[in-house]
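Residue numbers count from 1 along this sequence. What you see below is based on every heavy atom in this structure, not just the backbone, and it leaves out hydrogens, waters and symmetry mates.
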Amino acid sequence: MAETSTMNQRPASSLSLLEEMERTYKDLPMEAIVKQDILRQGIHFFPEAFQVKDPYKSKDYFIFSFDHIPLADLKDGADTKAPEEIKISGGHFGLLKTVISTRNNPNSPYKMKLRDGKPTLFLEETEIGTAEYPPIPSWYRHKTKSGKLPGEVAPVIEWGYLLYLTVFRNCQYFGKDEECAYCDINHNYRQQKGAGRPYTGVKDVDDILEVLSWVDAEDQIAKVYTITGGSVLTNLKKKSEVDFYLQYPEAIEARFPKRWMGKLVAQAFEKEDCQKFKDAGIQIYHPNYEVWDKDLFEKICPGKASWIGYENWIRRVVDSAEVFGPENVIPNFVGGVELSEPWGFKTVKEAITSTKQGLDFFMSKGIVPRFTAWCPEPYTTLGQQAGPPLVYFCELLRAWKETFESYGLPTPPGYGEPGPGKAVFSVSAFMDVIGYSGRN
């Protein structure tokens, strides 16, 4: 392993660091390395970067803020004009087109400026790539009968591939004694409402069906929908957690049978409840385990540890494979949170060793975890702290790729095409590394 530094010793992003990673990790595409570095550092958009010729889709803040500073502190239009994602190509490393989620950070060394009328990403004085911003779908022009805009009801991400239905924009794990320490779903809701934006807490089934009718009629890019939201511990709208979330796929599949692949991101349910979602038409299940180490799970996910428990959570993930099929169970973990202070591991080596144990445990059973790159959002329990060094993400991608290949597993369904220049999953580079054979 190239380095075992703690986060407090994290080297800042620089061209020399990227070039060092390029030499060290020849088994990883540069698209993935650069992507992870941008995700960990965020982007500083200069005001000129928003003055582009064609309209583009700005951030819908579809579930979390994914910003390094509070919404109210974002200046120069970044709070309303930052694109949902960027797609960069070319530049110093000759990158293939790479889709990356936007995380606003005015202190980032990555600067988005305008060059020759085109948004261009720079690191120091070096051009990292010319950027594209996501187009606005034609169906975004409509408004529901209840007066809501499509981006409020069924926003699209991953460059148009995924319809993201956060049907409950709060979580009943509340306060630092229950909330997952990295999660800002409740805080983001308060920020959006505080800014005077329309931000519905519980989405109406009829609103969703109305928006999906426009997607059905006008769109050929979206292939998947995700149903998700915060945990329900007692009831919501007089429904249990299972019944509350179940109503959405039942309505969607009744109206648009098999039009899109249905995913569910929710708590780890028992098999009989998983079967209800499978029967309703859900094909992919994401019972996210967040962090592999048991002690860290209990500290970082205190509500999940208290209400369900680590052993039960892992057992339910494994059991759910009997319902959906192992290749259709894709639990997420938060890449980097196992290095967070004050509870996390002190070295990259320790963190990777632990996380790789989890990868091996699941992949040996045909279950393929995926990860999102941790963003230290300001209002969370973990707060604003230095994220992991880039070497951690390179080691994580290597461990993920090696374990995935060692078990000969299929590409996770519901994520589009894999590989550099093709992947659209924007909050980590796990899809970018699939099938990459290395460079000399």
Side-chain angles (χ1 to χ4, degrees), residues 39 42-45 50 56-86 101-106 133-134 136-137 140 142-144 146-158 162-176 178-205 207-208 210-211 225-232 236-237 244-245 248 265 334 372 374-384 426-427:
L39 286 170
I43 303 170
H44 176 199
F45 287 88
F50 304 133
Y56 61 89
K57 181 187 175 300
S58 58
K59 286 185 69 166
D60 279 315
Y61 288 95
F62 53 91
I63 186 166
F64 311 119
S65 71
F66 283 130
D67 286 335
H68 288 248
I69 69 170
L71 186 69
D73 294 343
L74 289 173
K75 306 300 182 185
D76 301 323
D79 59 331
T80 58
K81 297 179 182 178
E84 187 75 71
E85 295 150 331
I86 62 170
S101 177
T102 292
R103 298 173 170 188
N104 283 304
N105 182 9
Y133 298 164
I136 302 174
Y140 259 53
H142 300 296
K143 185 179 285 189
T144 67
S146 62
K148 293 183 171 63
L149 295 172
E152 159 68 3
V153 177
V156 65
I157 61 172
E158 296 179 11
L162 176 65
L163 299 159
Y164 206 92
L165 310 178
T166 311
V167 295
F168 177 37
R169 277 171 152 165
N170 282 289
C171 180
Q172 291 183 1
Y173 291 133
F174 200 82
K176 67 177 184 178
E178 287 194 335
E179 286 176 346
C180 293
Y182 53 81
C183 178
D184 83 339
I185 186 171
N186 290 325
H187 313 281
N188 181 50
Y189 177 82
R190 289 194 289 269
Q191 283 195 98
Q192 301 299 322
K193 299 295 283 187
R197 301 181 180 188
Y199 208 72
T200 306
V202 178
K203 295 186 180 178
D204 186 79
V205 172
D207 281 338
I208 290 175
E210 187 176 1
V211 174
Y225 66 83
T226 289
I227 292 172
T228 189
S231 298
V232 178
L236 184 61
K237 298 290 185 179
F244 171 77
Y245 281 105
Y248 295 97
V265 182
V334 184
T372 56
W374 173 43
C375 181
E377 292 145 320
Y379 290 121
T380 63
T381 300
L382 294 177
Q384 291 174 292
S426 60
V427 290

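Asn105 pairs by the side chain to side chain contact (heavy atoms under 4.5 Å, CB included) definition with His68, Asn107, Ser108, not counting sequence neighbours. Residues passing the side chain to side chain donor-acceptor pair (under 3.5 Å) test with Tyr182 are Glu290, sequence neighbours excluded. Residues that satisfy the ring-ring contact (aromatic ring centres under 6.0 Å, His included) test with His187, not counting sequence neighbours, are absent from this structure. With sequence neighbours excluded, the residues forming a side chain to side chain contact (heavy atoms under 4.5 Å, CB included) with Lys193 are Tyr189, Tyr199, listed by chain and number. Residues satisfying the side chain to side chain donor-acceptor pair (under 3.5 Å) criterion with Glu158, sequence neighbours excluded, are absent altogether. The side chain to side chain contact (heavy atoms under 4.5 Å, CB included) search around Thr228 returns Ile63, Tyr164, Thr166, Thr226, Val265, not counting sequence neighbours. Scanning for side chain to side chain donor-acceptor pair (under 3.5 Å) contacts around Ser146 gives Thr144, Asp207, with sequence neighbours left out. Glu178 pairs by the salt bridge (charged side-chain N to carboxylate O under 4.0 Å, His left out) definition with nothing, not counting sequence neighbours. Under the rule for a side chain to side chain contact (heavy atoms under 4.5 Å, CB included), the partners of Pro134 that lie at least two apart in sequence or sit in another chain are Lys57, Pro83, Glu84, Trp159. Tyr225 meets the side chain to side chain donor-acceptor pair (under 3.5 Å) test with Glu253; sequence neighbours excluded. Partners of Asp184 according to the salt bridge (charged side-chain N to carboxylate O under 4.0 Å, His left out) rule, which considers only residues two or more places apart in sequence or in another chain, do not exist here.
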Can you list, pair by pair, the side-chain donor-acceptor contacts under 3.5 Å of residues 71-79, counting residues two or more places apart and other chains?
none

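Looking only at side-chain heavy atoms (C-beta outward), Val427 and Phe64 stay at 4.5 Å or farther from each other. For the pair Leu165/Lys203, no side-chain contact is recorded, criterion being any heavy-atom separation below 4.5 Å from C-beta on.
For the residue pair Thr381 and Glu179, no side-chain donor N or O sits within less than 3.5 Å of a side-chain acceptor on the partner.
In summary, Asp67 and Lys59 engage in a salt bridge, as defined by a charged side-chain N under 4.0 Å from a carboxylate O.
The only option from Asn188, Asn104, Ile185 that meets the side-chain contact (heavy atoms from CB on, under 4.5 Å) definition with Ser65 turns out to be Asn188.
Rounding to the nearest 0.5 Å places CZ of Arg103 at 7.5 Å from CD of Glu377. Atom SG of Cys375 and atom CG of Leu39 lie 9.0 Å apart (nearest 0.5 Å).
Using a distance-only test at 3.5 Å, with no hydrogens or angles considered, no donor-acceptor pair links the side chain of Gln191 to the main chain of Pro70.
Relative orientation of the Phe62 and Phe66 rings is tilted, given thresholds of 30° and 60° on the angle between their planes.
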